[in-house]
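Just below is one structure, and these are the notes that go with it.
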Amino acid sequence: MNRKEENREIERRLAEEVRAAAPDVMEEVLAGSRAAGPADEEVTAKITAIPRRRRPWKALAAAAAAVALVAGGTAFAYHRISNGVDSIVQLDVNPSIEMKVSRSEKVLSAQALNDDAEAILGDMDLEGASLDVAMNALIGSMLRNGYIDELANSILITVENKDAAKGEALQERLTTEVEQLLQAGQVNGAVLGQTTSADEELSQLARQYGISVGKAALVRQLVAADSLLDFASLAKLPINDLNLLAFSRQIALDGVSSTGQASSGAYIGESRAKEIAFQRAGATDATAANLEIELDCDDGVMLYEVEFVVGNYKYEYDVDATTGDIRKEERDARPSQPSSGDSSGGTTATTPTGGTGGSGTQTTGGSGRLTVDQALNAALAHAGVSAQSAYDKSVEFDYDHGVAVYEVEFRSGTVEYEYEIDAATGEVRAWKSEEDDRPASTVTGQEIGMDKAKELALERAGVSGDVRFQKEKREYDDGRLIYELEFRANGMEYECEIDAVSGAILDWESEWDD
């Protein structure tokens, strides 16, 4: 119904109400007087005279009251139509803006949901503007401020309306309008559109992460479709990155329309990420197999996950999608393949004294098992880290699929390293490194050192001579720096924890080694 039709309807209702409030009763009164006999003429005249003098005032008063009542009701109805919230429209790029819109598509309010949106709104007063005018102004501001361009071209439009069909129709129309506005701004846009309904879970997520309900709905879908994705990490991303992730991981978004393709122009691309990973691993297209590359996100940082196999090893790299820096790397020996120690030139011997993990034959070097220091130095050399710059060092002897290994861990700068070193050959069987922004641990007082700790442990056990330790680990326990040691001697197995500053033995266990 258009405005003219609405006005005619209001006039019709007013006329009906006036007629109902002031009925014409004159004919009834006159009919009564004609039916009376001549003897009643004087009485009839009196009866008819009194209403003729007084009823018009009552009729006018009643009519006025009716007019006021109908006018008031009509005004209230018109106020609801003009000022009641009919739809909620949200625009998300990284700026997030929410508009409340009346039934006649007038903007009742426009709210910035984050700091970037404050810059988009600026000093614009959109209240009272038509929705089309407001959309034009907001998209224009996003283009001028560089939030939408050929490098990041995605926008999400979310419409909420109690009438699902009306909400969907409005969302489709706005999607078309935004596409045209972006084209006019010389941008090949990627527009996502969706409708939502009242959902307490979505509202809670939006409040918790400081994002719009529309963005929360999109992120929830991505996380539900791929368990490796994390809501908190995705909530930090702009819509273009979320759009890229959905495309890269082949996630079908239910109830979300999509036009155009998200731009990856701000990132190095899959080819460059592969090149960086291959160079680090010494791999080539000829030697690498089972190559997989996909976009990922870690704490709001976009990454390329690059995985491939070379020989007996599987490599995994996280390459920063913006800078090309390697943020994480792993190399693991595939369990189904024979140990690389078989070709090391060593000899086959029984399990070394003090081994854990039962009997059997193991490949060892001609001079036996490496020492803890040799295993640590092998890991440090591979990482290119000096012994002086490494801290939080830990070396532990173990078996991996029947192969004697040392598990070595240490930190240097903001990087944490984990290595698996063949205990017989010193070969690096597997490694892992990743950015770790935890501050370096500090100790009040001078450390006694690992050698002194081992000396104290042997003294406590009443053991002398050359004893091999299965575990030498330096770590923090509730803020206290300790050394964890394990060794075997004289048919006994010992485990202890020693305070790294005072040398006090904090925990001690010993049992027969069976």
Side-chain angles (χ1 to χ4, degrees), residues 3 78-161 166-167 169-196 203 206-207 209-218 235-243 259-260 263:
R3 180 58 56 80
Y78 183 76
H79 176 80
R80 287 188 61 187
I81 293 173
S82 301
N83 300 293
V85 177
D86 185 60
S87 298
I88 296 176
V89 177
Q90 294 177 343
L91 300 180
D92 282 284
V93 176
N94 185 40
S96 294
I97 295 171
E98 179 180 277
M99 291 182 288
K100 293 181 178 179
V101 182
S102 72
R103 181 178 172 184
S104 59
E105 293 194 3
K106 294 293 183 183
V107 176
L108 305 176
S109 66
Q111 179 185 2
L113 300 183
N114 56 14
D115 291 341
D116 288 336
E118 295 283 0
I120 295 303
L121 281 174
D123 57 0
M124 287 191 294
D125 183 7
L126 299 178
E127 184 176 348
S130 70
L131 179 57
D132 291 343
V133 170
M135 292 290 288
N136 197 323
L138 292 173
I139 297 300
S141 182
M142 289 181 184
L143 289 168
R144 287 193 302 275
N145 285 277
Y147 285 102
I148 303 178
D149 55 27
E150 288 295 343
L151 299 181
N153 63 342
S154 298
I155 183 170
L156 172 66
I157 301 171
T158 305
V159 175
E160 179 181 341
N161 191 293
K166 184 177 180 180
L170 178 58
Q171 175 259 305
E172 290 176 355
R173 197 194 85 207
L174 293 178
T175 296
T176 301
E177 287 184 13
V178 169
E179 290 175 4
Q180 294 171 349
L181 290 170
L182 294 180
Q183 288 174 3
Q186 305 301 310
V187 172
N188 293 317
V191 184
L192 301 176
Q194 63 180 358
T195 59
T196 61
S203 298
R207 289 191 296 269
Y209 293 100
I211 58 179
S212 71
V213 170
K215 185 175 181 179
L218 182 63
K236 300 176 182 179
L237 299 179
I239 297 300
N240 196 68
D241 286 346
L242 297 178
N243 202 1
T259 62
S263 172

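Along the sequence shown, the residues carry numbers beginning at 1.
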Next item on the list: Calculate, to the nearest 0.5 Å, the distance between atoms CG and CD1 belonging to Asn243 and Ile155 respectively.
Entry: 12.0 Å
Notebook entry, point to check: Who passes side chain to side chain contact (heavy atoms under 4.5 Å, CB included) against Ala112, sequence neighbours left out?
Noted result: Ala117, Glu118, Leu121
Note to self: Which heavy atom of Lys215 sits nearest to which heavy atom of Ala235, and what is that distance?
What the structure shows: NZ-O, 3.1 Å
Margin query: Glu98 vs Leu91, test: side-chain contact (heavy atoms from CB on, under 4.5 Å). Steps then yes/no.
Written below: CA-CA 7 Å; Glu98 179 180 277; Leu91 300 180; over 6 Å; no
Item checked: Interatomic distance, Leu108 atom CG to Ser87 atom OG [nearest 0.5 angstrom] -> 10.0 Å
Exercise answer: donor-acceptor pairs, residues 134-148 side-chain atoms, under 3.5 Å, sequence neighbours excluded:
residue, atom, partner, partner atom, Å
Ser141, OG, Ile120, O, 2.8
Ser141, OG, Asn145, ND2, 3.2
Arg144, NH1, Gly140, O, 3.4
Asn145, ND2, Ser141, O, 2.7
Tyr147, OH, Asp116, OD1, 3.1

Margin query: Checking Asp92 against Ile157 for the side-chain contact (heavy atoms from CB on, under 4.5 Å) test, could you report, in this order, the C-alpha distance in whole Å, the side-chain angles of both residues, the deciding distance, and whether it holds?
Written below: CA-CA 7 Å; Asp92 282 284; Ile157 301 171; over 6 Å; no
Note to self: How close do Thr196 and Ala217 get, counting heavy atoms only, and between which atoms?
What the structure shows: CG2-CB, 4.4 Å
Check: Quick one: do the Gln180 and Thr176 side chains pair a donor with an acceptor below 3.5 Å?
Finding: no
Notebook entry, point to check: If you look at every heavy atom in Ile88 and Val85, which pair is closest and at what distance?
Noted result: CG1-CG1, 4.3 Å
Margin query: Between Asp86 and Lys166, does the side-chain contact (heavy atoms from CB on, under 4.5 Å) criterion hold? Intermediate values first, please.
Written below: CA-CA 10 Å; Asp86 185 60; Lys166 184 177 180 180; 2.7 Å; yes
Next item on the list: Search all heavy atoms of Val159 against all heavy atoms of Gly167 and return the closest pair with its distance.
Entry: CG1-O, 3.6 Å
Note to self: Do Leu182 and Asn188 make a side-chain contact, defined as non-hydrogen atoms from C-beta onward lying under 4.5 Å apart?
What the structure shows: no
Margin query: Pair Leu156, Leu218 - check side-chain contact (heavy atoms from CB on, under 4.5 Å), show working.
Written below: CA-CA 9 Å; Leu156 172 66; Leu218 182 63; 4.2 Å; yes
Next item on the list: Among residues two or more places apart or on two chains, list those pairs meeting salt bridge (charged side-chain N to carboxylate O under 4.0 Å, His left out) that have a residue in residues 171-184.
Entry: Glu105-Arg173, Asp132-Arg173, Arg173-Glu177
Checklist line | Considering all heavy atoms, the nearest Ser154-Val93 contact | finding: O-CG1, 3.8 Å
Notebook entry, point to check: What closest approach, in Å, do Val107 and Leu131 show between heavy atoms, and which atom pair accounts for it?
Noted result: CG2-CA, 4.0 Å
Next item on the list: Check for a donor-acceptor pair, side chain of Gln194 on one end and backbone N or O of Gly214 on the other, with a separation under 3.5 Å.
Entry: yes
Next item on the list: Give a yes or no on whether the backbone of Glu150 and the side-chain of Ser263 come within a donor-acceptor separation of less than 3.5 Å.
Entry: yes
Checklist line | From CD (Gln90) to OG (Ser96), nearest 0.5 Å | finding: 7.5 Å
Notebook entry, point to check: In Å, rounded to the nearest 0.5 Å, how long is the span from CG of Leu242 to NZ of Lys236?
Noted result: 13.5 Å
